[in-house]
Amino acid sequence: MPAKKRILITSALPYVAGVKHLGNLVGSMLPADIFARFCRARGHETVAICATDEHGAPIELAALEEGIGPREFCDKWHAVQKKLGDDFGLAWDNFGRSSSPANHELTLHFARQLWKNGFLELKTTKQAYSPTDGRFLPDRYVIGTCPHCGYERARGDQCENCTRVLDPVDLIHPRSAVSGAQDVEIRDSTHLFLKQSQFAGKLRNWIESHKQDWSPVVTSIAFKWLDEGLRDRGITRDLEWGIPVPDDIADGALKGKVFYVWFDAPIEYIAATKEWADRNGKDYRDWWQGPASSSEAVGQTKKDVTYWEFMGKDNVPFHTVGFPVTIMGSGEPWKLVDRLKGFNWLNYDGGKFSTSGKRGIFMDKALEIAPADVWRYYLIANAPESSDSNFTWEHFAGVVNKDLADVLGNFVLRVTKFCVARFDGKLPGEGVYGDEEKALIAELDRRIKTYTDYLEAADFRKAMGELRAIWVAGNEYLTRAAPWTHIKTDRDRAAIGVRMGLNLVHVFAHLTWPVMPELAKTIHLAIQPVGYANGVVPWVDDDTAAALDSLIPGQPITPPEVLVTKITDEQVEELKARFGGAA
RNA sequence: GGCACCGUAGCUCAGUGGUAGAGCAGGAGAAUCAUAAUCUCUUGGUCGGCGGUUCAAAUCCGUCCGGUGCUACCA
């Protein structure tokens, strides 16, 4: 086993409003959880953090529409997301909320540091305002006729019809998307701007240093922002719901305004870690802060911590520019991300998953169709790592039926059932492993090493390909060992095949646990009715030979029920019809 | 409009300078322990088009076509 390390893992925060779709899941929360489970299985001291992102105009407006307060609105949806996360086996050490007291406190801390250090300045901007609504309107909440193509429902930031970038003042007959009021006017509004441009050099050096361990999609997005020239960014908004700007910043000039959601959301990673640490008698600074008062120590921590972030590519700019500037500008030794794992998009049947268009599959509906573990395996085995990937029901059914039902599920059943039929349901101890077994051990030794390396690098598609190859190796072995033939003439030889088969099942359960925790548990219980501490199934030791001869002869074997139910062609047709969406 | 990424077998995808790969699907055979599940062998591709660099290009450069995304006040 490797030396124990501290691993800090954060998943991009799901926006609190609404149920997330599978594209959101596979791009951040699921890989973060699989990676966290893998790290825990290897014995690393691991903290996995996620939270709901609870600020921003959409929440304030959605709450208004429902006739409830934003706090109440967030309470409701946070509970929904927490439940769905639990149902999908997302085992966070803390699933926090960006509206928490801890995040208010830390966000103000960072803002004050930035203000004190001169990295914030006041600027007056022109902003659409609706007297009827009594509020400023973000650009996309102003709707009107596109001056280029005449489309009547063009948004103030971009026309969906001709894709041109717009400014709200460009629109003909502008009106509020909130109320439809046509009295939209332009007013001055003063805001705090973060001087990102001053950090361009530092950021570039930092990102350069990660060219080898971040994927091209991440570095290319980061460099694109730098190459275009970093602009200072407004970090406050004219909203009521959010973290209020305190009077001691800018002498109260920003009374009644709140921090921009993207300013406070990443800080919630730290705040949620603090909540976890406080509850567990630990110090969050061991995970996030370096030696006190050393500006050279940015990026370092007191302990040896490796910090991993998981996110979809839309989040990359905020994690390679915005949040790092907040940290650097604080002048304090906070931890910067070490490994930034970005994902492309999962498409649905050739088009986009769309929350607003209700197109695609959402977390709650997915669980009505197949168990969480089935989705976990399918999604991560086909994760959009190097480019966008495409979901189709045929593909889903093919992978579930072949990989999970046939290759893995059937293997567990054929071995355990044969043991019951011919060896009285007790693990047979007769015979000694021979050449066939030694060859298998050598192959698995190599494959487990490869699988481990891929997971350590968070290279998920390749890891799942290797895991599948490990399952296949089990079937290949069993065909060669053919205990069903030898049982007729050589009981000891048949016993060897069954014993190895059962040990394989046992090892499969361990290797599968980070990806499919519930299924792994079921498989494990079929042959080894002993649980593990804290629900963590440990990784397989480097000694593969020992791992494949670890079960005690005589112990009872109980074949499980069918592990993975197949998806029929008829069901595929039904699902296509049901989830087709407006193409 | 600008920029970025992508275009490899019927499908989903590896492969980033040195004789085209995997899984699935398709074809042939073996086995019969098992969810008719498994195992073996096997048919498929002028690597989007054109031009260039090179002894050598899927890989580097240019250009065109097609797809997707971003464009900083959605998150």
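Chain letters run A, B, ... following the sequence lines, proteins first, then strands; residues in each count from 1.
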Checking base pairs now: Watson-Crick or wobble, both atom distances under 3.5 Å. What partners [N]?
N	result
B:rC60	B:rG52
B:rC3	B:rG69
B:rG17	none
B:rU38	B:rA30
B:rG44	none
B:rA22	B:rU12

Next on the checklist: Rounded to the nearest 0.5 Å, what separates atom CG in A:Leu502 from atom CG in A:Leu551?
Outcome noted: 7.0 Å
Pairwise [atom1] distance for [N] and [M], with rounding to whole Å:
N	M	atom1	value
B:rA56	B:rG51	P	16 Å
B:rC11	B:rC74	P	38 Å
B:rU16	B:rG7	P	12 Å
B:rC50	B:rU12	P	24 Å
B:rG66	B:rG23	C1'	27 Å
B:rA25	B:rU68	C1'	27 Å
B:rC39	B:rG44	P	24 Å
B:rG17	B:rC61	C1'	13 Å

Using a heavy-atom cut-off of 4.0 Å across all strands, would you classify [X] as base, sugar-phosphate, or nothing?
X	value
A:Phe136	nothing
A:Ala421	nothing
A:Asp227	nothing
A:Gly229	base
A:Pro58	sugar-phosphate
A:Val472	sugar-phosphate
A:Arg480	nothing

In terms of side-chain geometry, is the basic nitrogen of [X] or [Y] positioned less than 4.0 Å from the acidic oxygen of its partner?
X	Y	value
A:Glu394	A:Lys576	yes
A:Asp435	A:Arg480	no
A:Asp157	A:Arg155	yes
A:Asp492	A:Arg499	no

Checklist entry - So, is B:rG29 syn or anti if syn means the angle is within 90° of 0? => result anti
Next on the checklist: Any side-chain to backbone donor/acceptor pair from A:Thr236 onto A:Leu192? Under 3.5 Å, distance only.
Outcome noted: yes
Item to check | Rounded distance (Å) that lies between atom C1' of B:rC6 and atom CH2 of A:Trp345 | outcome: 15 Å
From [options], nucleotide with atom closest to [X] side chain:
X	options	answer
A:Glu228	B:rC13, B:rC74, B:rC3	B:rC3
A:Trp225	B:rA72, B:rU68, B:rU12	B:rA72
A:Val261	B:rC13, B:rC5, B:rA75	B:rA75
A:Ser220	B:rC74, B:rA75, B:rC5	B:rC5

Item to check | N or O in side chain of A:Lys462 less than 4.0 angstrom from B:rG15 OP1/OP2 | outcome: yes
Checklist entry - When you check the phosphate oxygens OP1 and OP2 of B:rU12, does a side-chain N or O of A:Asn390 lie under 4.0 Å from one of them? => result yes
Can a side-chain donor-acceptor contact be found between [Y] and [X] if the only test is distance below 3.5 angstrom?
X	Y	answer
A:Asn503	A:His506	no
A:Thr124	A:Thr190	yes
A:Asn103	A:Ser98	no

Checklist entry - Is the Lys NZ or Arg CZ of A:Lys341 less than 6.0 Å from the centre of A:Phe343's six-membered ring, within 45° of the axis? => result yes
Next on the checklist: Using the rule given for salt bridge (charged side-chain N to carboxylate O under 4.0 Å, His left out), can you reason through A:Lys313 versus A:Asp388, listing the C-alpha separation, both sets of side-chain angles and the distance that settles it, and then say yes or no?
Outcome noted: CA-CA 10 Å; A:Lys313 60 185 172 186; A:Asp388 294 352; 3.2 Å; yes
Checklist entry - When you look at A:Trp241 and A:Cys74, which way does the side-chain contact (heavy atoms from CB on, under 4.5 Å) test go after all the steps? => result CA-CA 11 Å; A:Trp241 174 241; A:Cys74 291; 3.8 Å; yes
Every protein N/O within reach of nucleotides 23-26 of chain B N/O, cut-off under 3.5 Å:
residue	atom	partner	partner atom	Å
B:rG23	O3'	A:Arg468	NH2	3.3
B:rC24	OP1	A:Arg468	NH2	3.4

Checklist outcome for this item: The residue, A:Tyr260 or A:Val407, whose nearest nucleotide of RNA chain B is more 5′ is A:Val407
Find every protein N or O atom lying less than 3.5 Å from an N or O atom of nucleotides 32-36 of chain B, and list the pairs.
residue	atom	partner	partner atom	Å
B:rC33	O2'	A:Arg414	O	3.2
B:rC33	O2	A:Arg414	NE	3.0
B:rC33	N3	A:Arg414	NE	3.4
B:rC33	N3	A:Arg414	NH2	2.5
B:rC33	N4	A:Arg414	NH2	3.1
B:rA34	O2'	A:Asn410	OD1	2.4
B:rA34	N3	A:Asn410	ND2	3.0
B:rA34	N3	A:Arg414	NE	3.2
B:rU35	OP1	A:Lys417	NZ	2.3
B:rU35	N3	A:Val564	O	2.8
B:rU35	O4	A:Val564	N	3.1
B:rU35	O4	A:Val564	O	3.3

